[in-house]
**Student:** 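After the C-alpha cells below, expect a handful of questions from me.
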Amino acid sequence: MDAPTAAAAPTTESAALAYVRTAPAAAVSPPLATAGVLAWLRERLFPNLSSSLMTIVIVLLLIWIVPPLIDFLIVNATWTGSDREACLATAERPVAGACWAFIGDRFAYLMYGSYPIAGRWRVDLFFAMLAFGTAWLLWLEAPRRDLGAVYFFAVLPVTSFVLLHGFEAIGLPVVDTALWGGFTVTIVVAAVGIVVSLPIGIVLALGRRSELPAVRLLSTLFIEFIRGVPLITVLFMASVMLPLFVPESWSPDKLLRALVGVALFSSAYMAEVVRAGLQAMPKGQYEAAHALGLSYWQTLRLIILPQALTVTIPNIVNSYIALFKDTTLVFFVGIFDFLKTIEVARADPNWATPVTSATGYVFAALVYFVCCYAMSRYATGIEKRLSTGERR
Amino acid sequence: MAGTSPAATKWDAKEFSPRYGQDFRAGANRVKIRRFKMRQIAQALCAAAVAFAAAGSVDAATLDTVKQRGVLNCGANGTLPGFGLPDSQGNWTGLDVDFCRAVAAAIFNDAAKVKFIPTTASNRFAALQTGDIDVLARNTTWTLSRDAQGLNATGVNYYDGQGFIVRKALKVNSALGLNDAAICVQQGTTTELNLADYFRANRMRLKTVTFATLDEALKAYETNRCDAFTTDASGLYGSRLKLAKADDHVVLPEIISKEPLGPFVRQGDDQWFDIVKWVHFAMLNAEELNVNQKNVEEQMKSQNPEIKRLLGTEGNFGEQLGLTKDWVYRIVKLVGNYGEVFDRNVGQGSPLKIARGLNALWTKGGIQYAPPIR
C-alpha cells in the first residue's frame, strides 16, 4: 500500500539504499508456539513429559469428581421442604441430592443453638459489632484505627458480655451459657482464644528468653506443661476435675472453664511461635537499640517486636486457623459448638434421610473453609504489605 | 514463732530507735494486728479446705440445693432422637428430657425450671458426682457396677435391648429365622458380643460383617452387603429412617439383650433418691389409673381412692417425700403420664414410632410396673 508510493519517489541516496523500508511492515502475529492459548497450555500444562502426565491425571480426577459433586450439591439438590419426605428419592426423582431444605430449616439452630428466640437479636447485634470492630481494626486505611483498637479490645469484650450473657440492671435477662450454642459459641471461643493468646503468648515468650531465672523457669514450665498435654485433657481438667476441688457455688461457669482452657492452651503455642520470631532477630538489633540509649521495653516496642511479629505472621495465622478448628473440641465437655449442632440436627428423626448427614457435613466444611480461608487471605495481604522492604 | 520471724526482729529493733518515737509504737501495733489477722486467715483457709473436701463427697440435701438454686440441673444426652435432642428452635425434647421436666414440675410447679446440661458417655458420671447435675437422665444402662460405684439408678424409664432390622422382601418374621444370615454390626461393642451369644445359644450359624461406625454398618446393610442390621432397639427405629425406603424394612420383634435405661442420682441422699424414683412411679401410676394431661382436672374430683391418693386429694403422700400434696397433679398437668410422654417422644406420636413392647404397663403385657402410692 505505502511501499509502492515510497518507491515511486526515489532520491539519489535512497536509490543507493533501496532496501531500506520507509514505512513499517504490517505486524505479523507471533508463532502459535509462543503466544496465545496453545502456548499458554504448552508452557503451563505440558512443558515436559512428567508435567504433562500430571496434568492429564489431574484433569481426569477433576472430571471424575466435579460433575457428580455438582450434581449432588446443586442439580439434584432439594431446596425447599418442611420434613424428611422432601429429601427422599421418589419415582419422579430417582436420585436425591443434597438436602438444603434441612439446612434451611435448622439454620437458626446452627447459628444460635438453644439461645432464647426472643433474645436472638442480641446475638445478631454481637455479630454486627464484632464484624464492625474486626473491619475497623483490620482494614488498613480505616480512619482512627487507634480508636478501633480501644473499641475492639476494651469496649467490645464488655458489651459482648453484657449482650450475650445479659445484665438484669439494664433490662437484659440473663441467658445461661448452657443455652448458648452453634456458630455463636464457635465464634466466642475462637475470638477469646485469638484475642487473649497473642498478648499472653508474647509475655510468655519474653519470659522464656528472660535473664531472670525465676521468670524463665515459670514461663518454661507453663509452656512445656500445656504443650505436653492434648487440648482435650486441658478441657477435661477444666470441666471435670476443677469442680471436684472447689464447692459447687464456687465452680465457674462451664463455658468460662472451656474458654480459660482454650486461652491457656493457645497462649502456650503462641509463645513458641513468638519466641521463634524473637530468636530470628540478630543480636545487632538489640545492641544497636542499646547504643541508641533505648530501654528494654522501648527496644522491644520499637525495634524487636515489630520485626519479630512480622516474620512470624504466617505462623501466628497458622495457630489461629488451628485454634479456630480446635474449638470443635469443646463439645467433649458438653458445649454445643457449630459442628456439634450439625451433629444434633442430623440426628433428628424428622430429617433423617440417606443424604441428611452428608449435607450437614458439607455445610460445616463450607463454613469452616470460608472462615479459615478468609483468615489466610488477610494474612497474605498483610505479609505482602509488610515485606515491601524485601522486594526489589 | 512470731518473735523469731525476720520481720518482727526488724520492727523490734526499730522500736527502740528514738527517731520513731510514739508514731512508731502505733506502727508496731498495726504489725501485730496484721500478724494476728494472717494467722486467722490461715486457720480459716485450712478449715475451709477441710470443709470443701468433705463437701466434695456428699451433698447433704439435694432438694434444698435445687430449691435454693431455683432450677434443676439435668444431665441429658443431646444427640439421641427420642431421648434427648434439641429441636429446630433449640428446645429440648425426649423421653429422658421430659422425665427431668416432671421432676422440676413436682418441685417447682413449673416444668420449665430445668437446665439441660449435655453430657457425653465419658463425663456423665463425673458430672453427677461433682454436683454439676442433680439428675442424670441420659439413656444410661442400670448395671451392678454403676450402682456400686457411688451412683443410684432410680428405676427403668425405658427397657431397651438389641434388635434387628431386615428387608421385608426377605420374608423373615423372627430373629430365629436369621440362620446363616449376614449381619451388619458396629465393631467392638457389646452389641457384637450379644449377637454372637444369641446365635450360639440358639445353635444358629452367624456371619457378621463389622464396621467402625453405626452409619457405615447401616450403609452396608442398605447396599445389600448384609441381610440384617442390628443395634439397640431405641436406635434401630431412628436408623430405619435414614434408609432410602424406610417402608421396605421391618424391625423384628425379638430383643436379644437387657439394656434397662434409667435416671441416676448420687449415692448418699436418700430423700432425693426417693423423690426421683417416685416421680417415675407416679407417672406410671397415673397412666395405669388413666389420669392424663387432658382429664387431670376432672380426675381431681374422682372418688376412686387410688386416684385420690395419687392426686393428693386424700392423704399427704407428697409431703412425706418433702414435696407438696399435689405433686402428681403438677407432673401430669405440666408434663403428662408415662404413656403420653412415651407416645410423644418415641411412640406413635413421634417420627420414630417405637412400639410399646416391654415398656407397656404390666396390665397391658409389658413389664412397666410401679409400687402403689399409699
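Just so we're on the same page: letters track the sequence lines, and every chain starts at 1.
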**Student:** To check you understand the geometry: which heavy-atom pair defines the closest contact between B:Gln89 and A:Arg120, and what is its length?
**Tutor:**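 Heavy-atom minimum between the residues: O-NH2, 3.2 Å.
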**Student:** Roughly how far, to the nearest 0.5 Å, is OG1 of B:Thr120 from CZ of A:Phe236?
**Tutor:** 5.0 Å
**Student:** What option among B:Ser239, B:Ala246, B:Gly78 has the most heavy-atom pairs under 4.5 Å with chain A?
**Tutor:** B:Gly78
**Student:** Check whether more than 12 heavy atoms from other residues, nucleotides or ligands sit under 6.0 Å from atom CZ of A:Arg93, and answer yes or no.
**Tutor:** yes
**Student:** State, to 0.1 Å, how close A:Pro349 and B:Pro351 come at their nearest heavy-atom pair, and which atoms those are.
**Tutor:**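 Shortest heavy-atom separation between A:Pro349 and B:Pro351 comes out as CB-CB, 3.8 Å.
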**Student:** Which is it for B:Thr79 and A:Arg346 under the side-chain contact (heavy atoms from CB on, under 4.5 Å) test, yes or no, and what are the steps along the way?
**Tutor:** CA-CA 9 Å; B:Thr79 48; A:Arg346 80 184 185 93; over 6 Å; no
**Student:** To the nearest 0.5 Å, what is the distance between CG (A:Asp176) and CD1 (B:Ile117)?
**Tutor:**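 The distance works out to 7.5 Å.
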**Student:** Minimum heavy-atom separation for A:Ala178 to B:Phe116, with atom names?
**Tutor:**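 In this case the closest contact between A:Ala178 and B:Phe116 is CB-O, 4.1 Å.
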**Student:** Please name the pair of heavy atoms, one in B:Leu243 and one in A:Arg84, separated by the smallest distance, quoted to 0.1 Å.
**Tutor:**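 Answer, listing the atom of B:Leu243 first, then A:Arg84: O-NH2, 4.2 Å.
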**Student:** Just to verify, which of B:Pro86, B:Pro81, B:Pro118 counts as forming a side-chain contact (heavy atoms from CB on, under 4.5 Å) with A:Val344?
**Tutor:**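 Considering B:Pro86, B:Pro81, B:Pro118, a side-chain contact (heavy atoms from CB on, under 4.5 Å) with A:Val344 is found only for B:Pro86.
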**Student:** Nearest 0.5 Å, what's the CG-CG distance between A:Asp348 and B:Leu241?
**Tutor:**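 One gets 10.0 Å once the value is rounded to the nearest 0.5 Å.
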**Student:** Closer than 4.0 angstrom, basic N to acidic O: yes or no for A:Arg257 and B:Asp132?
**Tutor:** yes
**Student:** Between B:Tyr237 and chain A, which part of the residue has a heavy atom less than 4.5 Å away: side chain, backbone, both or neither?
**Tutor:**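 No part of it gets close to chain A.
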**Student:** Using non-hydrogen atoms only, which part of A:Phe107 is less than 4.5 Å away from chain B: side chain, backbone, both, or neither?
**Tutor:** neither
**Student:** Flag the pair B:Asp87 and A:Arg106 as a salt bridge only when some basic side-chain nitrogen lies within less than 4.0 angstrom of an acidic carboxylate oxygen.
**Tutor:** no
**Student:** Please determine, among B:Ala127, B:Ser350, B:Gly238, B:Ala244, the option with the most heavy-atom pairs under 4.5 Å with chain A.
**Tutor:** B:Ala244
**Student:** Starting at NZ of B:Lys245, measure out to OG1 of A:Thr90 and round the result to the nearest 0.5 Å.
**Tutor:** 9.5 Å
**Student:** Checking heavy atoms, do the side chain of A:Tyr112, its backbone, both or neither come under 4.5 Å from chain B?
**Tutor:**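 Looking at A:Tyr112, nothing touches chain B.
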**Student:** Tell me, side chain or backbone of A:Asp105 under 4.5 Å from chain B's heavy atoms, or both, or neither?
**Tutor:**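 Both the backbone and the side chain of A:Asp105 come within 4.5 Å of chain B.
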**Student:** Does a sphere of radius 6.0 Å around CZ in A:Phe167 hold more than 12 heavy atoms from other residues, nucleotides or ligands, not counting ones at 6.0 Å or beyond?
**Tutor:** no
**Student:** For atom CD of B:Gln68, decide whether the heavy atoms of other residues, nucleotides or ligands shown that lie under 6.0 angstrom number more than 12.
**Tutor:**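 12 or below, so no.
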**Student:** How many angstroms lie between OG in A:Ser357 and NZ in B:Lys219, if you round to the nearest 0.5 Å?
**Tutor:** 9.5 Å
**Student:** Could you tell me whether the side chain of A:Thr353 reaches within less than 4.5 Å of the side chain of B:Lys242, counting heavy atoms only?
**Tutor:**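 The answer is no, as the side chains (C-beta and beyond) never meet within the 4.5 Å cut-off.
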